[in-house]
Structures are given as C-alpha cells and as structure tokens.
There are 2 protein chains.
Amino acid sequence: MTVLPFSPPVSDDALEDAPLRSVSTAVAVLDCFASEAELGATKVAARLGIAKSTACRMLAALAAGGLLEKAGSGRYRLGLRLFEYGQLAVDRLLLREVAMPILGELRETVRETVQLGVAVGTDVLYLERLETAGAGLRFRTDYHRNPAHSSSIGRVLAASDPSLTMAILERGLERRTPFTVVDPRRWRQTLVQTREQGYATCRDEYDQGWSSIAAPILTGASGRRRAVAAVSVVGSTSRVLGPRKPALVQGVRRAAERITVALERAGS
Amino acid sequence: MTVLPFSPPVSDDALEDAPLRSVSTAVAVLDCFASEAELGATKVAARLGIAKSTACRMLAALAAGGLLEKAGSGRYRLGLRLFEYGQLAVDRLLLREVAMPILGELRETVRETVQLGVAVGTDVLYLERLETAGAGLRFRTDYHRNPAHSSSIGRVLAASDPSLTMAILERGLERRTPFTVVDPRRWRQTLVQTREQGYATCRDEYDQGWSSIAAPILTGASGRRRAVAAVSVVGSTSRVLGPRKPALVQGVRRAAERITVALERAGS
DNA sequence: CGGGGTCGTTCCGGCTTCCGGAACGCGGGC
DNA sequence: GCCCGCGTTCCGGAAGCCGGAACGACCCCG
C-alpha cells in the first residue's frame, strides 16, 4: 500500500492518436457523464464527434461491464460498479487509512466538518469529508472536486509545489464570489503567507458565507519535504474565522502533523 | 434523478462474444484489480488468458484515461478518477440523497454504526456507512460488499424478492463463522421470520462478535411494494442484541419508514 | 560483481473486429 | 395521426488490434 499514486496524470482529453482507440473512446464516453447525469447515444456522439452507432455500441459495452447502467428509454448513467471501484481505489491508499482516525478525532474536537484533500490537476479532490451532525447549517456535500485556487487545501498544496502554482496560474483564477482572490500577485502573496505561518485560510472565496482553514501533510526526507495532501476545517465564516480561529488553527495543524508522522512511521 | 438504477446487472464475466471486444477486455482488466491492489502486465495476461502484449496495451490505455495509475516499476493500481466517478454515481441517487440526513439522525440516536445497502447480484453493496466516533471497538471499515446471505440487510432484501432468494440459494450459503446459517431450510425460515416481524437480525454470522439489525426501504405502489434498499445498525453483539435491542429495532424501523415516505414524496 | 531469470515494453504482419452511413422501429409531441 | 427525434441494427470496407518474439531493465542469487 502506498501513500499516494505517483502522478495524478493530467487529463489530456486524448481521444487522438492513442493505442487502443476504442478503449480511449470508451473512457471519453465515461467522461461525458461527469458533467451530465443522464445521456443518450445521440448526445454522446455529438459531444465526442463520433458516429451515433459507435456511441451506441460504446454505451452498450460499458453497460455490459457495469460501468454504466441503462435507465429507461435508452438513456444511460454512471453505474454502481464505479462506486465499488472508487471505494477500492481510495481504501488502498495508506494516506487515507492513517488519516481516518485522526480526522475523526479532529471532528470531535472542533465540531465542524473536516476534510482530507489532494491535488489532481489544478483541482483539489476531497478523499474524505466528515460532517458533524449538529453543526448548524448543513454544508453542501455534493461536490468532490474544487478549483485549487479558491480552496484552503489548494493553497496549502500550491504553497509547497511550484509546478502546481504555475499550473493554477496558467489555468487562471476564476472568480466565484466577490471575495475570490483573482489577482495573480495577491494570490501568490497568500502562498507566501501560507508558507510563513504554516497554514492557509480561505474566506468566502468559494461559497460566500463559508470559510476554511487547512494545514499540510508532508512527506519526503527532511529538507525536501512536500505536501502530498492537506487537512481542512470548513464551516460558516463566523464560526471558523471568528473567535475560535486560533483554536481551530491549532487543531488542524496538530492533526496534519500527527498524520505526517503516522505516515512516516507506517510508510515504506 | 432516480431512486435506483433499473437492474443491477449480474456480472457475466462476458469477455466472450460481446461487441467491442477490446472494451470488454478493458473492463475485465479493471475487474482484476478488485481482488488485488497492484498488478503487472504478466499477471493480468495470465488471469484473463490474453497475450502479455495485449495486457500491457490495455493497462497503458486505462492509465492514460486515469482509470488506472502507474505505480513504480510497471505495476498498476486503481486510479483516483474511479473514486470521482464513483462518488458521482452515488451522489446522483435519489435514494442516497433523501436517506443521508435520516441516517445521520439515526446514528445520533443509537450511537452505533449505521449503514445503507442495496443488492447487487447476490451481494449487499453498502452505499453509505456512518460510524460513531466513540462506539467502543472500531468496526472494520474496509469492505463495501458482503455476501447477502450472512447480512441482515441481505436478509431484508431477499425477504421481499423471490428471485434474489433463488439467486442466493443457487450460489450457496457460504460458512463464515460457526454461527452462519448455512442450511437452506433454516435460512428460508429466517426470511419468513423477517417478513413477519418487519425487520431482520444477523447474529455473529459474518464476523463473530458483530451483529446487526436491518429494516427495509420500500418502493412501488401499495400492494406491490418491494424493498429497494435497507437500513441497518451494526455493532458488537452484546450492544446490539442485548437489552438495547428493542430500542434499536424501533430506531431502525422508524428510519427506514421515514426514508420510504421521503422517497415517495420526492420521487417521481 | 556478474549472470540468469522475470517482468514490462516495443515491434510487426495477418487478420479479426471495429467504424460510419443508412435503414428500421418506436415513442412522444405539436 | 403525422412527423420528428431518438436508440438500435445491419453491412461493407479498412483501420486498428491481437499475438508471438525480440529488447532492455531490474532483481535476486550465487
């Protein structure tokens, strides 16, 4: 079991010039369902620029394998088998395994939603999210991926990874709320601050009213340490960045440090 | 958004005579990683009876699409993209959406691990599992699929679905502990009892020391109601089937009923 | 330190199997 | 009831895939 897979391979939408053309096409078909819950053959064909008959066969083949499931009237959606595979993939990460109990304790301590995230491309992918039952307003739970620039976890990860920083800047800092930091200079400044203080914050930048605090999980030999992942606490801005902020910062940092040493101890 | 996909298609390991041979093969390659965390080309080729070169290309193509990731030294593992797809698949289930808050409340009430499961093939697939932080011994969290015959959720589902009952019996009642019900007659009797009392129990049958109580989530017009899913509470046998049993049974049944009506209200 | 075994990857020719266009059947809507 | 749009099926041509063998790297062991 490894800490994290080597390279989260950036998704070239390489439908072109790959070996196993039909397999690449099949993957592209799957990708269509990332942005749409249900699709039929015609729409898939149009989106990928392939023949309708090809799309139909692809859909049928993927459905035969359980990766898609057939809804009524010839439409398809993502299949539950993908859920199984996905659970397996993440269950086998050493990172998640050692982080889980510590995340649980953090949640008990801070009584807010806590998250564990890694970078994939220029996004943050949340491997785990533990919600607190009685934490006032319910946090939206229907996303598992955010643009890294408007996330405290993304900021922590970018702060220790120049190439991620570059990738994020190249993609552009999309505005999501009036508070999103979209000026590249100011955004780089937040990274400097993150490095100095050892944690990052994100105030109202992704969803107005919601803020978060994140701290890095480090790996690698001392002197060449890099953040592979990060822990964060997220909640309404007043709860997270108000009077409790120092306590939350300390809790998040302590949790991240504990995960870091647990990884070293357990890891290869 | 639908309650649940139509037919959890039984996995014919149909590598044979399907259209899109290479896609079917690719899916079969993915399946290899269900039982093994890391595999190389040689082992995949041997397991599927294909040429080593073919396996190598398949692995490379799947890795290019992010469904697999390359570990060091030419071995592969399931990719995080599968986790994303899997989360999407389950996020789009109406069942899970309406069940989540009710499951959360149930967990608060009973202070034990609660689960939401559906049948896929002759197994129970757990769509959700909420653990309680302070619930004594930690429950194993590293499985997402169990044989239905030795699970309270499976018993509830089989009790309302004759074809599932048949499928389970055909597959055979595998013994997992000394307490597993492996005699078909006795097992059918547990289904009768389940139907009579409206809930099912499972005492030490899957993991010795652990037991569970489950109640059905129903769907369909009255008179033709069937269980699409089930809620369960699981914990150490003494805690779950001891003095608290009546309270837990009531809690589980009430939660399942609430989910049932919430589904009717929200569903099509 | 070097050799043999194993494994992942690449190359290439023959041919399997896939692609695209057109036709079919169906369902829903103006 | 007609038409439009959709999912599916059929077919020929040829594109891309499969398998065997060769290559190079790595590791284990002597």
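Throughout, protein chains are lettered first and strands after them, A, B, ... in sequence-line order, and every chain is numbered starting at 1.
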Could you tell me the separation between the [atom1] atom of [X] and the [atom2] atom of [N], rounded to a whole number of Å?
{"X": "B/L59", "N": "C/dC7", "atom1": "CG", "atom2": "C1'", "result": "13 Å"}
{"X": "A/E38", "N": "D/dG7", "atom1": "CD", "atom2": "C1'", "result": "14 Å"}
{"X": "A/L62", "N": "D/dG7", "atom1": "CG", "atom2": "P", "result": "15 Å"}
{"X": "A/L39", "N": "D/dG5", "atom1": "CG", "atom2": "P", "result": "19 Å"}

Strictly under 4.0 angstrom, non-hydrogen atoms only: write out the protein contact profile of nucleotides 13-23 of chain D, one letter per nucleotide from the 5' end, B, S or -. ---SSBBB---

N/O (side chain, B/Y76) to phosphate O (OP1/OP2, C/dC7) under 4.0 Å: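 Checking C/dC7 against B/Y76, no side-chain N or O comes under 4.0 Å of OP1 or OP2.
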
Distance check: side-chain N/O of B/K43 vs OP1/OP2 of C/dT6, anything under 4.0 Å?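 B/K43 to C/dT6 OP1/OP2: no side-chain N or O under 4.0 Å.
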
Run the side chain to side chain contact (heavy atoms under 4.5 Å, CB included) test against A/R171 and tell me which residues pass, sequence neighbours left out.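 Side chain to side chain contact (heavy atoms under 4.5 Å, CB included) check on A/R171 returns A/T122, A/D123, A/P147.
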
Divergence of helical axes at both termini of the helix from C/dC1-D/dG30 to C/dG29-D/dC2 - five pairs an end, 10° steps: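 End-to-end axis angle for the helix from C/dC1-D/dG30 to C/dG29-D/dC2: 50°, rounded to 10°.
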
Any salt bridge linking A/E38 with A/R77? Criterion: basic side-chain nitrogen under 4.0 Å from a carboxylate oxygen.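 A/R77 and A/E38: salt-bridged.
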
Would you call B/E264 and B/R225 a salt bridge, using N to O less than 4.0 angstrom?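 A salt bridge links B/E264 with B/R225.
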
Side chains of B/V98 and B/I102: does their closest heavy-atom pair fall under 4.5 Å?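 They are not in side-chain contact.
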
Near-ring test B/Y126/B/Y143, centroid separation under 6.0 angstrom: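 Yes; B/Y126 has its ring centre under 6.0 Å from that of B/Y143.
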
Distance alone, cut at 3.5 Å: any donor-acceptor contact between the side chains of B/S35 and B/R47?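 Yes, because at least one side-chain N or O of B/S35 sits under 3.5 Å from a partner of the opposite role on B/R47.
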
Between B/S152 and B/S232, is a side chain to side chain donor-acceptor pair (under 3.5 Å) present by the stated rule, with each step listed? CA-CA 7 Å; B/S152 60; B/S232 75; 4.7 Å; no

